[in-house]
There are 2 protein chains.
Amino acid sequence: MVTLAEVAQHAGVSASTVSYVLSGKRSISASTRERVEHSIQQLGYHPNAGARALASSRSNIIALMVPLRTDMYVPVMMEIAIAVATSARTHGYDVLLLTGEEGPAAVRRIAGSSLADAMILMDVELHDERLPLLRDSGRTAVLIGLPADTSGLTCVDLDFEATGALCVDHLAGLGHREVAVIGEAPAVYERHTGFAERTVDGVRAKAQEAGMRILHRPCEGGYAAMAGTLGRIFDERPGTTGFIVQNEAAVEPLLNLLQQQGRAVPEDVSVVAVCPEQVATQASVRLTSVAIPAQEMGRRAVEQVVAKLAGRGTDEVELLEPVLTVRASTGPAPA
Amino acid sequence: MVTLAEVAQHAGVSASTVSYVLSGKRSISASTRERVEHSIQQLGYHPNAGARALASSRSNIIALMVPLRTDMYVPVMMEIAIAVATSARTHGYDVLLLTGEEGPAAVRRIAGSSLADAMILMDVELHDERLPLLRDSGRTAVLIGLPADTSGLTCVDLDFEATGALCVDHLAGLGHREVAVIGEAPAVYERHTGFAERTVDGVRAKAQEAGMRILHRPCEGGYAAMAGTLGRIFDERPGTTGFIVQNEAAVEPLLNLLQQQGRAVPEDVSVVAVCPEQVATQASVRLTSVAIPAQEMGRRAVEQVVAKLAGRGTDEVELLEPVLTVRASTGPAPA
DNA sequence: TAGGGGAGTCGAAGCGCTTCGACCAACCGT
DNA sequence: ACGGTTGGTCGAAGCGCTTCGACTCCCCTA
């Protein structure tokens with residue numbers, strides 16, 4: 001491995017000069033800079049990450065904690081993770097992938113070892129165990145998701161209350177009065193991952209205004225679970241004409257079952273989904289949906305991290321505004 | 001941050017002794033060890049990752065390059081990535097997440113900076129641009145996938161040829177003589193990511209033995225694409241009674257379309273999928289399938305990396321044996 | 001009883017980089 | 001013509017850890 005000292009020697013300057021060429025923290029004459037850059041090229045020099053981290057106490061690494069769970073829709077997580085990794089690179093950072101398995105201990109480990117300059121946490125629970133540790137580790141952090149107490153924390157998330165309200169608005173505008181919400185798996189609620197509850201809150205509040213009746217049912221993904229849930233919904237509320245689905249793994253089963261039961265979408269029943277665009281457009285019926293902007297969330301989280309590390313930090317909650325796209329799965333309520 | 005020196009002082013020993021307690025590279029008396037460990041606890045000491053990397057030239061980090069593409073079935077990638085991260089931790093390693101975006105340059109960067117001790121590459125193409133760089137970087141590496149030239153490389157992958165053969169065997173045993181293979185998106189073939197081709201090779205070879213006619217069609221995911229492909233298949237081979245599907249995003253659309261066309265599964269048509277277990281069990285028909293052992297692949301890749309880093313290395317190709325599970329989507333060919 | 005050897009500990013020399021203060025020259029205004 | 005800048009460069013002191021050789025006991029064997 002080529003070292004900075006070797007580059008310095010090759011270029012006929014001191015080591016510090018090479019360092020300053022690299023960092024730009026002091027002015028360097030054009031001729032020296034050129035010479036040094038040429039030597040770097042020629043020798044194929046790459047700064048040693050460990051040495052750099054040690055000397056500067058900056059690792060240029062962002063740790064990303066992803067959940068290990070399988071009850072969440074994985075593609076969204078992946079999309080966020082990739083967006084984080086990609087935008088981190090554009091800011092000169094690399095991303096360390098931590099799985100939920102280690103739990104709160106991971107926070108301690110990473111903060112303690114200075115392995116990462118900052119952390120991004122996904123799948124945040126309302127009373128997340130990692131938060132106290134995070135707070136007094138003093139490390140820069142950004143959450144994707146919203147805990148109960150956001151004081152001193154920067155959070156990025158979709159505005160799920162507005163999302164719920166938006167869905168209701170759309171259905172109400174089409175004349176629907178009885179709507180069922182197909183929610184995430186029960187475990188998601190038990191864990192109090194805020195987003196699912198916030199959506200339902202948004203739905204309920206708006207529904208009350210609009211004089212709409214809401215039936216909310218958590219539901220596992222897959223056909224079997226959906227069949228059971230759907231049966232119970234129609235038993236309880238035979239007049240249901242609208243569905244709001246917030247469980248990607250239930251979307252296709254729902255459409256399929258409705259079709260089997262001879263309920264046409266959107267003529268007899270309307271369906272609004274909260275899901276990534278791809279799911280909405282690739283489903284068997286092109287779905288009216290509120291998009292989950294995974295990329296955007298990942299990107300914004302990184303930008304917040306970078307801003308905080310640069311001292312331009314803001315401790316604030318950034319809620320992305322939901323956008324509802326009308327497609328082929330919603331229509332006027334049947335008379 | 002607490003340093004090793006502070007721990008040493010607190011415990012009344014030298015810094016090197018603390019280091020040896022931590023690494024176990026020299027024997028330490030029980031009493032000293034206890035005293036040191038107690039001090040570590042009490043002071044909340046965590047070794048500084050950068051310093052450690054610098055001094056030992058080992059970062060305890062494994063870099064994982066995941067593809068950026070969206071034409072691959074993402075959940076499998078995610079599952080592998082998580083398995084890699086999780087098993088890496090059990091061996092004391094962390095995982096750095098690199099996206100394909102940087103391409104070959106990432107290999108150079110990571111190898112050059114000694115940021116990672118080893119690399120795991122996913123989504124390997126037959127003539128992957130990253131391989132030459134990898135080879136002469138001299139870094140430890142393991143591929144998940146199989147390039148054309150595996151010399152000097154350790155590879156882990158499912159045995160896709162055997163997978164294809166297994167599917168054919170099963171269908172042939174049930175009396176099917178005309179089978180269509182629904183493949184991955186065309187882009188996957190154009191890129192020459194070996195696995196898709198290898199599956200088809202396996203299918204073809206076995207089909208010849210079994211006197212079965214094969215029609216292979218690449219296919220994008222989603223309903224629209226699948227509808228077109230399916231139409232063309234039945235136009236060309238009206239007698240088709242079996243399907244082998246190697247594109248998770250096409251599975252559900254296929255089942256749905258068959259149902260709409262009044263072709264019953266498995267009475268009229270049999271379907272074998274190559275997909276993760278979850279997809280097979282959650283589909284509208286429980287699918288006979290060959291599982292893609294994502295977890296296992298991730299785990300084995302890490303184990304190979306760890307072995308190589310420990311000097312117990314083996315440059316070999318490890319092909320996992322496919323397992324076919326019979327479920328409800330295959331049955332005897334109609335008379 | 002002398003000598004050999006292992007167990008346990010320490011000191012010091014780095015690992016490759018950043019950064020601070022110091023230094024030297026050239027240049028400014030007056 | 002002279003003190004004060006400013007731009008450009010260097011030397012040296014670490015950053016916190018690992019690791020090598022050296023040293024000291026103490027026990028075992030011949």
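This one's a predicted model, so the numbers in the text were calculated from it and none came from an experiment. Below, read A as the first sequence line, B as the second, and so on, with proteins coming before strands; counting in each chain starts at 1.
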*asked:* Heavy-atom nearest nucleotide on DNA chain D for B:H46 versus B:R26: which residue maps closer to 5'?
replied: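 Its nucleotide being nearer the 5' end, the pick is B:H46.
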Given [N], is OP1 or OP2 found less than 4.0 Å from the side-chain N or O atoms of [X]?
{"X": "A:S29", "N": "D:dT9", "answer": "yes"}
{"X": "B:T32", "N": "C:dG8", "answer": "no"}
{"X": "A:T3", "N": "C:dG16", "answer": "no"}
{"X": "B:Y20", "N": "D:dC17", "answer": "no"}
{"X": "B:K25", "N": "D:dT18", "answer": "no"}

Calculate the interatomic distance between [X] atom [atom1] and [N] atom [atom2]; express it in whole Å.
{"X": "A:I40", "N": "C:dC17", "atom1": "CD1", "atom2": "C1'", "value": "13 Å"}
{"X": "A:M1", "N": "C:dG16", "atom1": "CE", "atom2": "C1'", "value": "13 Å"}
{"X": "B:R58", "N": "C:dG16", "atom1": "CZ", "atom2": "P", "value": "16 Å"}
{"X": "B:L22", "N": "D:dC17", "atom1": "CG", "atom2": "C1'", "value": "10 Å"}
{"X": "B:R35", "N": "C:dC10", "atom1": "CZ", "atom2": "C1'", "value": "14 Å"}

At their closest point, which heavy atom of [X] faces which heavy atom of [Y], and how far apart are they?
{"X": "A:Q295", "Y": "A:A83", "answer": "O-CB, 3.6 Å"}
{"X": "A:L320", "Y": "A:M297", "answer": "CD1-CG, 3.6 Å"}
{"X": "B:A141", "Y": "B:L134", "answer": "CB-CD1, 3.5 Å"}
{"X": "B:M122", "Y": "B:R130", "answer": "O-NH2, 3.3 Å"}
{"X": "A:T32", "Y": "A:I28", "answer": "CB-CG2, 3.9 Å"}

_Net bend of the helix from C:dT1-D:dA30 to C:dT30-D:dA1, end axes of five pairs each, nearest 10 degrees_ =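 Rounded value for the end-axis angle: 30°.
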*When you measure from the side chain of A:S19, which nucleotide among C:dT19, D:dG8, C:dC10 comes out closest?*
C:dT19
*asked:* Counting only side-chain heavy atoms from C-beta out, which of C:dG21, C:dC17, D:dG16 sits nearest to A:L4?
replied: C:dC17
*Classify the nucleic acid contact of A:S16 as base, sugar-phosphate or nothing, counting any heavy atom under 4.0 Å across all strands shown.*
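If one applies the 4.0 Å heavy-atom cut-off, A:S16 turns out to touch a base.
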*asked:* Any base atoms under 4.0 Å from A:S27, or only sugar-phosphate, or nothing? Heavy atoms, all strands.
replied: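 Base, at least one base atom sits under 4.0 Å.
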*Ignoring hydrogens and angles, does a donor from either the side chain of B:S14 or the base of C:dG11 sit under 3.5 Å from an acceptor on the other?*
no
*Mark yes when over 12 heavy atoms from residues, nucleotides or ligands other than A:E316 sit less than 6.0 Å from its CD; otherwise mark no.*
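Count over threshold, so yes.
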_Is it the case that the side chains of B:R33 and B:T17 hold a donor-acceptor pair, with the cut-off being a distance below 3.5 Å and no angle test?_
no
*Side-chain donor-acceptor pair under 3.5 Å between A:S56 and A:R58, yes or no?*
no
*Does A:R135 reach the main-chain N or O of A:S151 with its side chain, forming a donor-acceptor pair under 3.5 Å?*
yes
*If only atom types and distance count, is the side chain of A:T3 paired as donor or acceptor with the main-chain N or O of A:E6 below 3.5 Å?*
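At least one qualifying donor-acceptor pair exists.
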*asked:* For DNA chain C, which residues of residues 47-57 of chain B approach it to below 4.0 angstrom with any heavy atom?
replied: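 Those residues are B:L54, B:A55.
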*asked:* For A:V2 and B:S31, find the nucleotide of DNA chain C closest to each by heavy atoms; which residue's nucleotide sits nearer the 5' end?
replied: B:S31
